[in-house]
Amino acid sequence: MSAGHPDRSRWEATTKAAEAIGLFDETSTIGFRLNWERLIASKGYKLVDDEFVPLGNDDSSDVVNGLGNPGLPVQRHLTALSRTELSAPVQFLIRHGLLSPTHTFFDYGCGRGGDVAGLGAEGYDAKGWDPHFAPDAPRVEADLVNLGFVVNVIEDPAERVEAIVQAYKLAKHALVVGVMLYGNDTPGKPFRDGFLTSRNTFQKYFSQAEFKDYLEHVLARPVFMVGPGVAFVFASTDAEQQFSAGRYRSSGLAARLLATRVPRVRSVREPRLPKEPRLAKEPKAARAPREPLPSPAELRLAAARPVLDTLWAQALDLGRFAESVEVSDLPAVLQAVGSLTKAESLLAKHYDLSLLQAAAKTRTDDLQLFMATQQFAKRPAYRQLEPGLQRDIKAFFGDYKSAQEAGLRLLIEAAEPATILAACKEAAARGHGWLDGEHSLQLHLSMVERLPAVLRAYVTCGLILWDSLTDVQLVKIHVGSGKLTLMEFDRFDESPIPLLRRRIKVHVRRLNYEVFEYGSAAFPKPALYRKSRYLNEDYPAYAEQLAFDEALERHGLIGADDHGPSPDRLSAQLEERRLAIKGVRLTRSDSLPDLDSPCGANFCYRDFIECGETQKRLGVHNVPLRAETYNALFDLATELLDPLIDYFGSIRLTYGFASAGLIKHIAQGIAPRLDQHAACEHGTRRTPVCDRGGAACDFIVDDEDMKEVADWIVRSLPFDRLYYYGPGRPLHLSYGQTQAGEAFAMERGRTGRLMPRPFVTGRVAP
């Protein structure tokens with residue numbers, strides 16, 4: 001304010017009065033009107049215009065008691081859940097490596113204590129306090145403090161701020177805050193700045209951006225959004241920098257590199273064979289060669305190997321040799337080898353330095369990416385950086401300026417379509433994503449950290465705009481348009497064909513994004529086919545997913561169209577093919593279809609059931625009872641009869657499925673235990689009528705020589721058994737569990753009985 005401002009002297013007087021009554025003793029919440037007014041009231045005053053007026057007996061002010069509630073008191077405790085799983089905020093702490101059994105944990109507003117009990121059962125030092133369920137528990141400092149779904153149930157805005165500030169004061173390392181976000185429906189009626197439910201509970205909903213801004217305004221600290229409605233706030237700048245750099249740090253690097261190591265095999269000289277004896281007498285048995293005794297140096301190395309292995313794993317994780325302050329057990333190293341310098345010398349001599357070079361390349365890319373992200377924020381001075389970052393900058397770039405220039409250079413490269421395309425091709429060649437021509441690279445979010453640095457920078461630029469990654473599974477990098485698409489699916493890991501719930505298209509160059517929601521009648525949820533394309537071999541159940549995708553293609557359920565059929569159409573196609581999805585497997589259907597539903601391209605199931613002369617004459621109930629029989633009839637129709645019709649034209653079924661009820665009415669000429677007409681049905685003893693399984697039918701092709709038909713089948717189709725009875729008589733054909741390909745001609749013997757003889761093919765009809 002300028003010295004000549006006309007109100008300066010009046011404001012100075014007000015400020016001095018505020019100082020005199022102690023209003024500036026605690027400055028964490030005075031920037032909020034309700035907190036400011038409540039603080040003034042707690043000192044026994046109220047502010048009228050520019051003057052502090054002592055409070056008398058006037059209790060009508062809504063400053064002390066809040067805005068008031070015209071009905072019953074808000075029942076905050078009714079919002080507390082009885083949890084069987086850890087809450088989302090606590091799971092995020094564990095997922096990001098912030099919370100482990102070595103850390104202390106405090107739940108501020110713990111409700112019924114589900115998180116405290118769950119962590120305690122796993123050996124964590126966890127405590128909690130709640131104004132309703134645990135009011136007498138002490139509020140203590142802890143490494144990690146959780147304020148999970150507390151802020152949104154407090155109807156008093158000033159009290160919300162107080163809860164956040166008090167919880168943050170207890171956090172020695174970080175505070176995690178969780179709130180409810182706006183959804184499609186907001187239950188209850190508007191009340192103050194939220195909603196009041198029928199149980200008289202209150203809910204204040206936030207948007208993701210609103211929540212982040214609100215926390216930063218309350219605490220005046222950077223806020224890291226790690227999921228929908230979940231934020232981390234750190235207690236120190238060093239902790240912030242460690243977490244921020246860690247978000248761009250490739251995980252599991254040491255384990256991946258060590259898994260690729262080929263163990264060195266020490267060569268052993270062949271023992272020298274004894275000379276041939278000169279005399280014809282029995283030679284003495286040759287002595288086994290004596291193993292050379294290890295040298296003192298080898299013994300010392302073997303004794304130090306466990307310590308060196310640990311030090312080597314840490315070096316691979318860092319991408320460089322650890323400095324003394326970073327070694328987890330420096331006394332053990334000194335005791336084993338004498339000094340850290342000696343330990344590094346042994347590592348360089350006896351371990352594979354090419355792995356360390358690969359680790360250094362990865363960590364250089366990680367740090368370059370982190371430096372790129374710093375272009376979007378206020379960059380701290382080098383001396384303000386966390387010590388670990390300082391060591392990395394010195395090791396990989398030499399100085400801070402070079403590291404910053406590398407980060408800027410990476411951003412410039414990320415804006416070049418040709419560079420992006422080359423990097424996408426490189427990533428796809430390594431099995432990290434699916435490249436759609438030269439249009440885009442799509443991959444699972446877990447593989448982003450393995451991409452070339454320029455692609456990681458491209459993705460990171462988009463994620464700076466949309467920083468809620470909890471439910472994002474797939475990322476689509478558009479090569480030429482400067483866009484990044486993030487996709488969220490229902491049950492992505494559980495379902496082999498997950499449904500798309502939300503698509504976020506981030507316009508990196510325009511610095512904005514569009515959100516597309518699915519699940520309405522106008523915009524149903526699309527199915528994701530060929531999920532294995534976007535994963536790699538390290539992903540859980542990848543082999544099962546790949547086998548499932550290949551089975552879908554083999555059965556013709558998805559063609560060249562990447563989008564594939566709608567979920568409803570897929571269900572219909574599966575039923576038409578007598579298939580079902582169980583878990584991540586494509587199996588045979590276990591349902592009983594409608595008799596008039598299609599069985600292949602030319603028949604329905606009723607055609608095989610009502611085609612025999614005896615069945616038609618007597619009207620015998622002849623319906624299969626087992627799903628396996630319908631599957632066998634489908635295989636018979638699709639593998640044999642449909643190709644036969646394609647070649648010869650229509651055929652006429654003369655005998656198809658035979659149930660136990662039909663079989664007993666056929667006096668002679670059948671062999672139910674062998675002929676496969678009973679398909680997969682069971683008898684009265686719950687054993688198969690025919691052990692061969694599969695299904696059979698008799699048919700005739702009118703106006704065709706059935707010898708030529710039989711010839712063509714033997715040469716062309718994968719059948720189980722074929723019985724030929726003559727040029728103008730029906731042919732018996734079966735499709736079984738294994739296709740034996742056995743063909744017989746039925747000829748009458750001397751007794752007049754039909755006897756099977758090997759069928760000899762003749763000239764195939766043109």
Side-chain angles (χ1 to χ4, degrees), residues 81 83-89 91-92 95 149 178-187 205 207-208 225-230 433-434 440 442-448 462-463 466-476 484-506 513-536 539-549 551-552 557-558 561-575 579-587:
L81 299 177
R83 300 184 184 277
T84 57
E85 302 288 341
L86 295 177
S87 66
Q91 292 186 47
F92 276 111
R95 185 181 308 168
F149 306 107
V179 297
M180 301 290 288
L181 298 182
Y182 284 108
N184 295 329
D185 297 314
T186 51
Y205 296 97
S207 69
Q208 189 84 337
M225 301 304 300
V226 294
V230 180
W434 179 70
S440 63
Q442 299 180 62
L443 67 155
H444 191 268
L445 184 68
S446 62
M447 288 191 289
V448 168
L463 298 184
W466 180 267
D467 57 5
S468 173
L469 290 181
T470 309
D471 295 325
V472 171
Q473 289 90 23
L474 294 190
V475 175
K476 183 176 183 180
L484 178 75
T485 298
L486 309 173
M487 289 166 275
E488 301 175 2
F489 293 86
D490 291 335
R491 300 178 63 249
F492 183 87
D493 288 331
E494 294 82 7
S495 173
I497 309 176
L499 300 181
L500 180 64
R501 178 177 66 250
R502 180 187 295 167
R503 179 168 57 92
I504 303 100
K505 182 169 285 188
V506 183
Y513 59 83
E514 300 173 90
V515 179
F516 303 88
E517 301 280 354
Y518 298 92
S520 64
F523 299 98
K525 295 180 179 180
L528 176 70
Y529 291 98
R530 300 182 176 94
K531 190 174 83 171
S532 59
R533 278 180 172 179
Y534 316 112
L535 311 175
N536 71 342
Y539 198 83
Y542 169 80
E544 292 85 347
Q545 180 67 46
L546 178 61
F548 176 85
D549 293 342
L552 281 187
L557 291 163
I558 50 175
D561 184 4
D562 291 333
H563 298 291
S566 68
D568 290 342
R569 179 57 187 149
L570 175 65
S571 297
Q573 289 180 340
L574 288 170
E575 185 55 37
L579 296 171
I581 297 174
K582 294 183 180 179
V584 193
R585 292 177 57 237
L586 194 63
T587 65

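Rounded to the nearest 0.5 Å, atoms CZ (Arg503) and CG (Leu486) are 11.0 Å apart. The CG atom of Asp490 sits 11.0 Å away from atom CZ of Arg502, with the distance rounded to the nearest 0.5 Å. Considering CZ of Arg530 and CH2 of Trp434, their distance stands at 8.0 Å, rounded to 0.5 Å. With rounding to the nearest 0.5 Å, the separation of CZ in Phe92 from OG in Ser87 is 10.0 Å. Taking CG of Leu552 as the start and CG of Leu570 as the end, the distance is 7.0 Å to the nearest 0.5 Å. Taken from CZ in Arg533 to CG in Leu443, the straight-line distance is 14.0 Å, to the nearest 0.5 Å.
When side chains are defined from C-beta on, Leu574 counts as touching Leu586, because their heavy atoms get closer than 4.5 Å. Contact of the Pro565 side chain with the Tyr529 side chain is registered, since non-hydrogen atoms from C-beta on lie closer than 4.5 Å.
In terms of heavy-atom proximity, Pro567 sits nearest to Ala527 at CG-CB, 4.4 Å. Smallest separation of non-hydrogen atoms from Ser532 and Asp549: OG-OD2, 2.6 Å. Looking at every heavy atom in both residues, Tyr542 comes nearest to Leu535 through CD1-CB, 3.9 Å. Residues Ser495 and Lys531 share a closest heavy-atom pair of O-NZ, 3.0 Å. When all heavy atoms of Tyr518 and Pro524 are compared, the closest pair comes out as CD2-O, 3.6 Å.
Panel note: side chain Gln208, backbone Gly229; a donor-acceptor pair is recorded below 3.5 Å. One N or O on the side chain of Gln91 and one on the backbone of Leu86 form a donor-acceptor pair closer than 3.5 Å.
Every ring pair (Phe, Tyr, Trp, His ring centres under 6.0 Å) that Phe492 has, sequence neighbours left out, goes to His444, Phe489. With sequence neighbours excluded, the residues satisfying side chain to side chain contact (heavy atoms under 4.5 Å, CB included) with Ser440 are Asp436, Gln442, Lys476. Take Phe516 and apply the ring pair (Phe, Tyr, Trp, His ring centres under 6.0 Å) test, not counting sequence neighbours, and it matches no residue.
Heavy atoms from other residues, nucleotides or ligands lying under 6.0 Å from CZ of Phe523 number 12 at most.
Between Ile497 and the choices Ile581, Val584, Leu528, the side chain to side chain contact (heavy atoms under 4.5 Å, CB included) rule is met once, by Ile581.
A salt bridge links Glu488 with Arg501: at least one charged nitrogen is closer than 4.0 Å to a carboxylate oxygen.
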